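When a ligand or atom number is given, it counts from 1 through the structure's own listing order. All figures in this text were calculated on a predicted structure; none of them were measured in a lab. The analysis underlying the following values was restricted to heavy atoms, covering all of them including side chains, and did not include hydrogens, waters or symmetry mates.
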Amino acid sequence: MTRDNSLQVDKDGNLRHFLCIRGLTSNLLTDILDAAESFAGVTEQTVKKVPLLRGKTIVNLFFEASTRTRTTFELAAKRLSADVLNISVAVSSTVKGESLMDTLSNLEAMHVDMFVVRHAESGSAHFIARNVAPHISVINAGDGRHAHPTQAMLDMFTIRRTKGKDFGRLRVAIVGDILHSRVARSQIHALNLLNTGEVRIVAPKTLIPAHAETLGVHIFHDLEEGIRDADVIMMLRLQNERMEGALLPSEQEYFQLFGLTEDKLTAAKPDVTVMHPGPINRGVEMDSIVADGPRSVILQQVSHGIAVRMAVMSMAMRRVGMGGERN
Ligand code: NCD
């Protein structure tokens with residue numbers, strides 16, 4: 001995927017599109033987290049609106065099913081006082097360059113200001129960002145197996161709120177279907193940029209991507225070893241829809257070996273925080289008792305998604321308001 005950072009950040013370092021964590025600076029990530037902190041205040045008030053994006057039109061363009069991501073983007077846009085258009089497009093799994101561009105051109109002709117895009121094809125958000133009119137910002141809401149940067153940022157925000165700002169003292173274990181997970185990829189880049197003490201990935205050999213060691217992680221194939229003394233455990237869903245061939249014996253066997261139970265959780269630190277981006281396959285990745293238990297912050301992750309998406313959207317649009325011309 002591209003490392004062309006000029007696509008995401010302008011020459012003054014301001015956010016222009018938000019496509020992937022890779023290539024961004026730790027300062028920018030920290031700015032997003034700080035802005036999210038102030039927006040979390042807004043979303044907790046009785047009047048939950050600020051006028052920052054009044055008069056702007058944001059299009060949620062979802063080519064793939066989503067509940068939480070789409071609705072939290074919509075709520076975030078509304079809480080920034082933007083007008084929101086939700087478009088769900090059913091397409092085949094291939095980016096059909098021309099027809100996709102046709103859709104975009106039609107929306108551009110309606111003078112929209114931002115596309116929030118989810119697509120089954122890796123690289124689609126970059127493709128759109130390269131081809132839209134210069135005044136439009138593109139936010140990646142998940143592209144294939146590649147990236148899901150706002151999910152990673154809401155996860156970082158949740159860790160910061162639960163464990164404090166010093167990621168250097170944290171041992172974080174990401175458990176599950178790393179191979180097919182855009183969330184894992186974005187989480188790993190974000191954790192490393194924020195200088196996390198140790199980042200581990202824990203999965204059967206068949207669900208670890210090739211060359212995973214180059215990502216700056218320690219690899220484990222045993223759950224209890226992988227979560228030993230962990231401060232944070234980030235569970236991932238088995239991406240059955242992306243599995244080709246038999247990568248796993250059965251869901252029952254997966255649960256036996258990699259399912260997080262109260263019993264297995266005792267290997268981690270007593271104050272461990274358990275996360276999951278959702279949707280959860282209960283009884284496959286984790287036991288309901290853990291998902292709904294006192295260490296779980298899974299629903300807080302959802303709430304934080306609104307504040308973090310408000311931060312990203314307002315930062316990407318800020319260049320228009322403050323600087324006048326956008327390049
Ligand atoms: C994730 C996604 O869509 O990549 N979910 C989400 O955004 N809340 C993870 C998943 O689908 O398992």
Side-chain angles (χ1 to χ4, degrees), residues 1 18-22 36 60-77 86 88-91 93 116-126 139-159 174-191 201-204 207-209 233-244 247-248 251 254-255 258-260 274-286 290-291 296-310 312-313:
M1 217 50 58
F18 194 56
L19 307 172
C20 61
I21 302 288
R22 198 167 170 185
N60 267 336
L61 198 52
F62 277 61
F63 295 88
E64 213 189 44
S66 164
T67 318
R68 260 119 331 239
T69 303
R70 197 194 56 70
T71 45
T72 50
F73 263 114
E74 181 177 349
L75 277 177
N86 288 306
S88 299
V89 198
V91 285
S93 58
V116 175
V117 185
R118 168 168 289 198
H119 200 290
E121 197 75 18
S122 299
S124 45
H126 282 79
I139 312 285
N140 185 3
D143 64 326
R145 302 179 185 189
H146 171 234
H148 193 351
T150 59
Q151 177 68 45
M153 290 312 294
L154 76 88
D155 293 336
M156 297 308 113
F157 187 71
T158 304
I159 293 177
I174 304 173
V175 181
D177 185 358
I178 316 284
L179 178 65
H180 300 103
S181 178
R182 54 192 172 210
V183 174
R185 259 164 270 269
S186 291
Q187 287 171 334
I188 292 168
H189 291 309
L191 287 166
I201 57 175
V202 187
L207 294 182
I208 299 265
I233 302 175
M234 305 170 98
M235 301 302 294
L236 297 172
R237 183 175 66 87
L238 279 184
Q239 308 263 313
N240 288 315
E241 75 279 20
R242 293 187 214 283
M243 293 212 190
E244 289 150 18
L247 292 175
L248 289 173
E251 286 189 345
Y254 181 82
F255 182 70
F258 290 94
L260 193 60
V274 177
M275 302 171 63
H276 192 303
I280 309 171
N281 289 313
R282 289 171 183 262
V284 180
E285 298 96 55
M286 65 201 301
V290 177
S296 163
V297 292
I298 293 172
L299 291 177
Q300 291 171 46
Q301 287 173 266
V302 178
S303 309
H304 294 159
I306 302 171
V308 166
R309 289 172 174 133
M310 287 172 84
V312 170
M313 288 196 285

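Counting heavy atoms from C-beta outward, L207 and H180 have side chains that approach closer than 4.5 Å.
Applying the side-chain hydrogen bond (donor to acceptor under 3.5 Å, both in side chains) rule to D155 yields the partners Q151, Q187, Q301; only residues at least two apart in sequence or on another chain are considered. Applying the side-chain contact (heavy atoms from CB on, under 4.5 Å) test to E251 and every residue at least two apart in sequence or in another chain returns N240, V284. When the side-chain hydrogen bond (donor to acceptor under 3.5 Å, both in side chains) test is applied to S181, no partner is found at least two apart in sequence or on another chain.
R118 forms no cation-pi arrangement with F62, by the criterion of a distance under 6.0 Å to the ring centre and an angle within 45° of the ring axis.
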Is there any protein N/O under 3.5 Å from an N/O of ligand 1, and what does the full list of such pairs look like?
residue, atom, partner, partner atom, Å
ligand 1, 3 (O), R118, NH1, 3.2
ligand 1, 3 (O), R118, NH2, 3.2
ligand 1, 3 (O), R182, NH2, 3.0
ligand 1, 4 (O), R182, NE, 2.7
ligand 1, 4 (O), R182, NH2, 3.3
ligand 1, 5 (N), G278, O, 2.9
ligand 1, 7 (O), T69, OG1, 2.9
ligand 1, 7 (O), R118, NH2, 3.2
ligand 1, 7 (O), H148, NE2, 2.7
ligand 1, 8 (N), P277, O, 3.1
ligand 1, 8 (N), G278, O, 3.3
ligand 1, 11 (O), R237, NE, 3.3
ligand 1, 11 (O), R237, NH2, 3.0
ligand 1, 12 (O), R237, NE, 2.7
ligand 1, 12 (O), R237, NH2, 3.4
ligand 1, 12 (O), Q239, NE2, 2.8

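For R182 (side chain) and G144 (main-chain N/O), a donor-acceptor pair under 3.5 Å exists by modelled atom type.
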